[in-house]
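We count ligands from 1, going down the list as the structure has it; atoms in each ligand are counted the same way. Computed from heavy atoms alone, side chains included, the values below leave out hydrogens, waters and symmetry copies.
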Amino acid sequence: MNQPHDQKFRTSMLEENDGPGHNPTDNRTMGDIIARRFSRRSFLQGSLAVSAIAATVSPIAILLADDARAASASAFSFDEIEAGIDDKHHVAAGYDAEVLLRWGDPIFADAPEFDPTNQSAEAQGKQFGYNNDYVGYVELEGSSEHGLLVVNHEYTNEHLMFPGIVKIVEGKIEVAPADQKRVDIEMAAHGGSIVEIRKEAGKWQVVRDGKLNRRITSTTEMQLTGPAAGHDRLKTNADATGTKVFGTLNNCAGGVTPWGTYIMAEENFHGYFGGELAADHPEAANYKRLGVPEGTYEWFKFYDRFDVSKEPNEPNRFGWVVEVDVNDPNSMPKKRTALGRFKHEGAESIVAADGRVVFYLGDDERFDYVYKFVTSGKFNPNDRAANLDLLDEGTLYVAKFAEDGSFAWLPLVQGEGPLTADNGFVSQADVVIETRRAGDLLGATKMDRPEDIQPNAVNGKVYVMLTNNTKRKADQVDAANPRAENAFGHIIELIEDGSDFTATKGKWEVLLKCGDPSVAEVGASFSTSTTQNGWFGMPDNCAVDSAGRLWVSTDGNSPKATGRTDGLWAVDTEGEARATSKLFFRVPVGAEMCGPLFTPDDQTAFVAVQHPADGGEDWEGFGRPSYYEDLSTRWPDFKPNMPVRPAVVAITKQGGGKIAV
Ligand code: FEO
Ligand code: CA
Ligand code: CA
């Protein structure tokens, strides 16, 4: 999540903890400067927005860009859509984009139909959860037309979910304090969904009575495994073993492993904890490094385990990577502590040449790190059960980027280098519980908010999304984070030595510096073939299709930030068209674009529209019912700010065939 709207909403508060990137000065940032530029213009209509931006480009620049375009055409042949802003989604001509699953849709035969005026935790626990971020697909019997869709429900936007809790006080929106019922619904709306889906006559359908359908929530029982399992620092009043925990929080991106399990990455878990911890408590420094407790949500007022003054070890039981065996709906999800504890964005993986499996991990905070995990054991493609605990043993590495274009993966192993008892790392449990501090001591490179990291099986490269960091000062710039006040983010490409994903060093390049290339101060680096619709800011999630081509989705484009909504862009990474980007799909205003995910046959792209209408109080378009549902026809209490529904959208080519050729 990364919404630049007002602090009055808790979603933005989750982004603003006083982490190491906190800048106490009043210096103007590049973001402020750009925001001011855009706010002077009218961006209330999408087509006007595009022409307004285009007007800043000189005719000579356009001429030169046209020449370059002719010489280096994008490998993507679809007709680009116009960037802009409205309350609908848009996809390129010749494609269909149909809503498959929305918040509240029943996913069991006995689940009630969605009714936000009569919602309960029990109903929500049988319905598709709120904000959908990661989307994965697990084939059933090797099919690209019948499988399990796995979807993370990252967080809740109460002001968009619950009727009648928002009021205007002196021109500002206030959300009413939570009660127990609301908190329980919120907890049931978090987590993940596993839903059987099938394509029939070219159209995807939900199989409501699918035997493997499952909801995972903030109360589902889970097992802690790996080096920190059973450690004293994970023991609580409710769990003297330090191995059992209820629920998973803030599951952002994720992954599907080569053996077909579902990975949920716990990201901004700090916001769910409240209360006060004594300054001299043994966990005080650990929690400060992670921004715990932030008290964004009010759960701690109703459940002691979220109050650090009452249950000080509970936050050590979150911030992990969770693995779910989707083949058994009764299986207990496992928190795999070997992969470290931080604000995990995702965990995309690939099988290396020698059979070990490599997971790439981002820690989404300003000035935090890029990681990877290499399993000790090898993937066995003929024995699924033999792979099920591969994530309990292996080596966790943190990245250090050098100015000369090389990088090294530094092992986070107790007893090596500074990771000793003298520095508080008595065992590997301490190393994984305080992964960030271990990375600090090793001198890892402080990055501009690492998000999704995607290995590419076709060309052996790895793409790292770095979404933004407006707090980086000029004297903190380095080659891998080349812009101060980096409002729009960038993408780095890694080439592991010998294209071996288990290598401990390699070379890197900046693939893209994001933002409007026609605004000189932004310093963006899209190719000159990129049109005014083709550039984007704030890369977040990404996918690689089976042809090895990169697709990037964004979080943070908005009327004020870039004059366009978030969307899905296709990015050329090879040849003369490298760094050319084209807009394929865009979301309604206020939404973040998540997913994206291609089925193995490349004939469907699933995308996740998170929090449509968030911040929409500033957008005239949401004074009327949304494209996602005309609520006024169903609920008499409908108010203009009331829910539009996060949704997973299935994109297919009209008449069939691969999404892009
Ligand atoms: Fe939940 Fe880093 O985005
Ligand atoms: Ca994200
Ligand atoms: Ca991805």
Side-chain angles (χ1 to χ4, degrees), residues 1-4 10-17 19 21 130-137 150-157 190 192 248-257 262-272 291 296 319 321 342-350 359-366 368-371 447-457 462-469 489 491 537-545 548-557 566 568-569 571 587 591-598 605-611 614 646:
M1 72 182 79
N2 175 34
Q3 288 300 303
R10 61 188 53 208
T11 49
S12 61
M13 291 163 64
L14 273 172
E15 282 299 311
E16 298 294 335
N17 73 70
Y130 197 70
N131 274 332
N132 28 225
D133 197 296
Y134 177 73
V135 178
Y137 179 82
V150 298
V151 183
N152 281 353
H153 302 300
E154 184 181 16
Y155 67 105
T156 48
N157 295 86
H190 276 69
T248 181
L249 299 173
N250 211 264
N251 306 95
C252 192
V256 168
T257 64
Y262 162 32
I263 301 284
M264 311 167 74
E266 296 187 321
E267 194 191 36
N268 290 307
F269 65 95
H270 60 295
Y272 301 86
T296 307
V321 156
F342 44 87
K343 294 179 185 173
H344 278 282
E345 169 69 22
E348 299 278 16
S349 59
I350 193 159
F359 287 76
Y360 289 91
L361 313 166
D363 182 357
D364 183 4
E365 183 103 52
R366 300 179 187 96
D368 262 292
Y369 307 137
V370 166
Y371 298 85
M447 309 300 288
D448 287 346
R449 292 189 53 201
E451 300 260 20
D452 202 4
I453 305 175
Q454 193 79 38
N456 184 339
V462 181
Y463 306 107
V464 183
M465 306 296 115
L466 298 157
T467 198
N468 63 62
N469 181 359
I491 299 174
M538 304 85 166
D540 187 342
N541 297 68
C542 64
V544 169
D545 63 24
R549 297 177 308 176
L550 180 64
W551 299 73
V552 175
S553 66
T554 60
D555 174 18
N557 292 270
D566 283 316
L568 179 63
W569 279 264
V571 180
V587 296
E592 159 187 358
M593 179 84 281
C594 297
L597 185 277
F598 289 83
F606 291 110
V607 292
V609 181
Q610 271 226 72
H611 54 75
D614 191 11

For the Ca ion (ligand 2), which N, O or S atom of Glu451 is at the shortest distance? OE1
Test log, rule ring-ring contact (aromatic ring centres under 6.0 Å, His included), inputs Tyr371 and Phe342: CA-CA 10 Å; Tyr371 298 85; Phe342 44 87; 4.2 Å; yes
Measure from atom 2 (Fe) of ligand 1 to every N/O/S atom of Glu345 and report the name of the nearest one. OE1
Listed partners of Asp448 passing side-chain hydrogen bond (donor to acceptor under 3.5 Å, both in side chains), at least two apart: Asn469, Arg472, Asn486
Asp452 side chain near Tyr463 side chain, heavy-atom distance below 4.5 Å: no
So Val135 and Tyr137, do their side chains get closer than 4.5 Å, heavy atoms only? no
Paired with Ile491, the side-chain contact (heavy atoms from CB on, under 4.5 Å) test is passed by just one of Val464, Thr467, Leu466, Val552, namely Val552
Would one find an N, O or S atom of Asp555, in either backbone or side chain, under 2.8 Å from atom 2 (Fe) of ligand 1? no
Identity of the N, O or S atom of Asp364 lying closest to atom 2 (Fe) of ligand 1: OD2
What is the OE2(Glu154)-atom 1 (Fe) of ligand 1-OE1(Glu267) angle, to the nearest 10 degrees? 80°
Set of side-chain hydrogen bond (donor to acceptor under 3.5 Å, both in side chains) partners for Asn152, sequence neighbours left out: Tyr262
For atom 2 (Fe) of ligand 1, the nearest N/O/S atom on Glu451 is atom OE1
Where the Ca ion (ligand 2) is the corner point, what angle links OE2 of Glu345 with OD2 of Asp540, to 10°? 140°
